[in-house]
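Right, one structure below, let's go through it.
No hydrogens, no waters, no symmetry mates; every other heavy atom, side chains included, goes into these values.
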Amino acid sequence: MSKLLKLGVLKYFKPSSVFIENLARTSSTATRVCSCGSYVQNIKRRQKEQQTYRQNTQLYSSTTTDSLNNSELSVNKYEEISEETLQSLSDKFDLLAETKDCDPEYDVTYADGVLTVKISDKWGTYVINKQSPNKQIWLSSPISGPKRYDFTNGTWIYSHDGGALHQLLTEEISQALSSNIDFSDCEYSNR
């Protein structure tokens, strides 16, 4: 009510309580919609900034990440690349929640190098995490099971079948959400 007084709405007339409730509800809904739009724009902006940074870094460094493999990665470089990869994937999964018709159980959590994505009770949960001692990223998929990805030629590759992390996610998440989802715009994909 005091918010409406500040806005000057109650200065000229005394509206009914129903009007005030509807105005407050509409105001909060508009704020949520605006926040979601801003959130999506911020994710897209951050992805673009990361991509630009990566391209600029490659232009000025003598050894690009595309030519590095697991055995050649320093611990610091591994941490940087794996963090960028997981943050980029987290942003993509967050964006899906805003732009696709996801199950009410859909949930994305990223903390301490562990990305957890619950698609639904029926489909299951993906866990993607850093494995620093091995300089790998590990994936636990409810569909294809566990996989250990090595950083090879600028992307994360499963050595047993040569498949890329981002390609597997593209296929499985597209199937899970019944929509074309493309993870190739995420950091360190095999575009």
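- At least one donor-acceptor pair under 3.5 Å links the side chain of Ser82 to the backbone N or O of Glu79.
- Linking Ile, Leu, Val, Met, Phe, Trp and Tyr residues whenever their side-chain heavy atoms come within less than 4.5 Å places Ile143 and Ile128 in a single cluster.
- When every heavy atom of Gln131 is checked against every heavy atom of Tyr78, the shortest pair comes out as N-OH, 3.1 Å.
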Exercise. Report the C-alpha separation of Glu105 and Lys122 in whole Å, then their side-chain angles, then the decisive distance to 0.1 Å, and conclude whether the salt bridge (Lys or Arg N to Asp or Glu O under 4.0 Å) test is met.
Key: CA-CA 10 Å; Glu105 296 294 317; Lys122 178 184 170 195; over 6 Å; no
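- Atom OH of Tyr110 sits about 11.0 Å away from atom OG1 of Thr116, to the nearest 0.5 Å.
- Nearest heavy atom pair, residue Ser184 against residue Thr170, reads N-OG1, 4.4 Å.
- Under the ring-ring contact (aromatic ring centres under 6.0 Å, His included) rule, Trp156 has a single partner from Trp138, Phe151, Phe183, which is Phe151.
- In this structure, a donor-acceptor pair under 3.5 Å is absent between the side chains of Asn76 and Ser74.
- Side chain of Asn134 to main chain of Gln136: no donor-acceptor pair is present (N/O by atom type, distance under 3.5 Å, no hydrogens or angles).
- Contact detail for Ile181 and Lys100: the closest heavy-atom pair is CD1-CE, 3.6 Å.
- Relative to the six-membered ring of Tyr158, Lys147 meets both conditions, a distance below 6.0 Å and an angle of at most 45° to the axis.
- Connection of Trp123 to Phe93 is established within a shared hydrophobic cluster, with ILVMFWY side chains joined at heavy-atom distances below 4.5 Å, either directly or through further cluster members.
- Rounding to the nearest 0.5 angstrom, the gap separating the OG atom in Ser120 from the CG atom in Asp107 is 12.0 Å.
- Neither Ile137 nor Val127 shares a network with the other; the hydrophobic side chains, linked directly or stepwise wherever heavy atoms of I, L, V, M, F, W or Y lie under 4.5 Å apart, form separate groups for each.
- Here the shortest heavy-atom pairing between Pro142 and Thr125 reads CD-O, 3.4 Å.
- In this structure, Ser144 OG and Leu168 CG are separated by 4.5 Å, a value rounded to the nearest 0.5 Å.
- Closest of all the heavy-atom pairs between Ser88 and Glu187 is OG-N, 2.9 Å.
- Between Glu83 and Lys130, at least one side-chain nitrogen of the basic residue sits less than 4.0 Å from a carboxylate oxygen of the acidic one, meeting the salt-bridge criterion.
- Side chains of Asp185 and Ser189 form no contact here, defined as non-hydrogen atoms less than 4.5 Å apart.
- Counting only distance, with no hydrogens or angles, the side chain of Lys135 and the backbone of Leu73 share a donor-acceptor pair below 3.5 Å.
- A donor-acceptor contact shorter than 3.5 Å links the side chain of Thr99 to the backbone of Leu95.
- How far CD1 of Ile119 is from SG of Cys102: 7.0 Å, rounded to the nearest 0.5 Å.
- Note on Asp103 versus Lys118: no salt bridge recorded, every NZ/NE/NH1/NH2 to OD/OE distance being 4.0 Å or above.
- For the residue pair Gln87 / Asp91, a side-chain donor-acceptor distance below 3.5 Å is found, with atom types taken as modelled.
- Under a hydrophobic clustering in which Ile, Leu, Val, Met, Phe, Trp and Tyr are joined whenever their side-chain heavy atoms come within less than 4.5 Å, directly or via other members, Ile81 and Ile157 fall into different clusters.
- For the pair Thr155 and Asn153, the minimum side-chain heavy-atom distance is 4.5 Å or more.
- At a threshold of 4.5 Å between side-chain heavy atoms, the hydrophobic network of Ile, Leu, Val, Met, Phe, Trp and Tyr places Leu139 and Leu89 in one connected group.
- Within a 6.0 Å sphere centred on CG of Asp161, heavy atoms belonging to other residues, nucleotides or ligands number more than 12.
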Exercise. Would you check, one step at a time, whether the test side chain to side chain contact (heavy atoms under 4.5 Å, CB included) holds for Ser90 with Val108?
Key: CA-CA 7 Å; Ser90 177; Val108 178; 4.2 Å; yes
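- With hydrogens and angles left out, the side-chain atoms of Glu171 and Gln167 include a donor and acceptor closer than 3.5 Å.
- Note that OG of Ser178 is 11.5 Å distant from CD1 of Ile173, once rounded to the nearest 0.5 Å.
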Quiz item: Run the ring pair (Phe, Tyr, Trp, His ring centres under 6.0 Å) check on Tyr149 and Tyr188 step by step: do they pass?
Solution: CA-CA 12 Å; Tyr149 290 88; Tyr188 301 104; over 10 Å; no
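- The closest side-chain heavy-atom distance from Leu115 to Asn129 is not below 4.5 Å.
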